[in-house]
Amino acid sequence: MTADSPLSPEKFEEIAIVSRETMDRLRVYAECLADWQQTLNLVSRNSLAHVWDRHMLDSIQLVRHLPEGATSITDIGSGAGFPGLVLAIATGLPTRLIESHVRKSAFLREAAAQTGAPAEVLNARVEDVAKAQRAENAGESVGRSVDILTARAVAPLSKLCEMADSLGAQTCLFMKGGRWREELTEAEKRWRIKHQTFESLTSPEGRILRITGLKKR
């Protein structure tokens with residue numbers, strides 16, 4: 001996979017090992033993305049030609065890192081739907097896509113409808129979702145509120161930890177680039193973090209961080 005040879009849908013299907021139904025839905029998603037990209041900057045122009053490696057494969061690799069018994073997914077800063085919408089399509093798990101941008105939220109709703117993904121789109125800031133969640137749970141004896149929390153290219157790890165804590169996330173899967181060690185060191189100044197790191201299929205220097213037991217110091 002180079003700048004001159006993007007991953008084909010057929011090669012993606014071979015690597016990702018997905019069902020025919022899932023592949024068909026991902027193709028619909030890719031077509032929807034290309035259509036909307038003409039009037040809305042959802043992904044960088046250069047990366048659109050590489051949608052199957054830079055976006056689809058990058059996102060679907062998280063499936064193997066979901067904990068056994070996962071019941072739902074919440075994706076923050078969903079943007080064009082990576083990784084949240086891909087995970088909803090691939091796993092069938094109920095998924096919330098939190099996106100503050102109005103037009104990107106409209107795209108996500110359209111893509112979810114076209115693909116039949118079990119995804120709910122919240123056009124809101126994470127802080128507002130967390131506030132509403134606390135109000136909804138007021139007076140109830142509840143533990144953590146979000147099962148699986150995902151994020152890709154949204155914010156530094158320290159900020160992501162803050163968001164995760166506000167949402168009461170049980171398990172976080174955060175996709176980080178080459179500065180992941182630096183971000184982890186910085187985040188650990190404020191947070192107690194139980195974490196595992198996994199190599200990325202699409203970025204040799206990147207890592208997937210699976211975080212549990214998040215607590216403020």
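Computed from a predicted model, the values in this text were never measured in an experiment. Quick note: numbers below take in every heavy atom, side chains included, and nothing from hydrogens, waters or symmetry partners.
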Any side-chain heavy-atom pair from [X] and [Y] closer than 4.5 angstrom?
{"X": "Thr22", "Y": "Leu26", "answer": "yes"}
{"X": "Leu48", "Y": "Arg45", "answer": "no"}
{"X": "Pro9", "Y": "Arg27", "answer": "yes"}
{"X": "Gln114", "Y": "Glu110", "answer": "yes"}
{"X": "Met23", "Y": "Phe12", "answer": "yes"}
{"X": "Val146", "Y": "Arg96", "answer": "yes"}

Do you know which two heavy atoms are closest between [X] and [Y], and how far apart they sit?
{"X": "Thr202", "Y": "Gln61", "result": "OG1-NE2, 3.8 Å"}
{"X": "Asn46", "Y": "His50", "result": "O-CD2, 3.7 Å"}
{"X": "Leu214", "Y": "Ala164", "result": "CD2-CB, 3.8 Å"}
{"X": "Leu157", "Y": "Glu183", "result": "N-OE1, 2.8 Å"}
{"X": "Lys104", "Y": "Leu42", "result": "CG-CD2, 3.9 Å"}
{"X": "Tyr29", "Y": "Ala111", "result": "CD1-CB, 4.2 Å"}

Pairwise distance [atom1]([X]) to [atom2]([Y]) - rounded to 0.5 angstrom:
{"X": "Cys161", "Y": "His195", "atom1": "SG", "atom2": "NE2", "value": "10.5 Å"}
{"X": "Thr115", "Y": "Asp24", "atom1": "OG1", "atom2": "CG", "value": "12.0 Å"}
{"X": "Trp52", "Y": "Asp58", "atom1": "CH2", "atom2": "CG", "value": "14.0 Å"}
{"X": "Asp128", "Y": "Asn123", "atom1": "CG", "atom2": "CG", "value": "10.5 Å"}
{"X": "Leu122", "Y": "Arg109", "atom1": "CG", "atom2": "CZ", "value": "8.0 Å"}
{"X": "His65", "Y": "Leu209", "atom1": "NE2", "atom2": "CG", "value": "10.5 Å"}

Would a hydrophobic clustering, with Ile, Leu, Val, Met, Phe, Trp and Tyr connected at side-chain separations under 4.5 Å, put Val28 with Leu33?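 As far as the 4.5 Å side-chain criterion goes, Leu33 and Val28 are not connected within one cluster.
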Just jot down the side-chain contact (heavy atoms from CB on, under 4.5 Å) partners of Glu162, sequence neighbours excluded, or say none.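 So Glu162 forms a side-chain contact (heavy atoms from CB on, under 4.5 Å) with Lys159, Arg190, Trp191.
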Check residues 76-92 and write down every donor-acceptor pair under 3.5 Å in which the side-chain atom is one partner and the other belongs to a residue at least two apart or another chain.
residue : atom : partner : partner atom : Å
Ser78   : OG   : Asp75   : O            : 3.2
Ser78   : OG   : Asp75   : OD2          : 2.8
Ser78   : OG   : Ile98   : N            : 3.4
Thr91   : OG1  : Leu87   : O            : 2.7
Thr91   : OG1  : Leu93   : N            : 3.1

Would the distance check show the side chain of [X] and the main-chain N or O of [Y] forming a donor-acceptor pair, the cut-off being under 3.5 Å?
{"X": "Gln37", "Y": "Val43", "answer": "yes"}
{"X": "Arg192", "Y": "Gly213", "answer": "no"}
{"X": "Arg207", "Y": "Pro204", "answer": "yes"}

By side chain to side chain donor-acceptor pair (under 3.5 Å) - contacts of Ser44 (at least two apart):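 Ser44 satisfies side chain to side chain donor-acceptor pair (under 3.5 Å) with Ser47 once adjacent residues are dropped.
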Regarding Glu13 and Arg20, does a basic nitrogen lie under 4.0 Å from an acidic carboxylate oxygen?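 Result for this pair is yes, salt bridge flagged.
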One thing to verify: whether Lys131 and Glu127 come together as a salt bridge, which I'm taking to mean a side-chain N less than 4.0 angstrom from a carboxylate O.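 Looking at Lys131 together with Glu127, the answer is no, because their closest N to O distance does not fall below 4.0 Å.
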Phe198 and side chain to side chain contact (heavy atoms under 4.5 Å, CB included): which partner among Arg64, Met175, Arg210?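 It is Arg210; the other options fail the test.
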Is there a side chain to side chain contact (heavy atoms under 4.5 Å, CB included) between Leu7 and Met56? Walk through the geometry before answering. CA-CA 10 Å; Leu7 190 72; Met56 296 295 191; over 6 Å; no
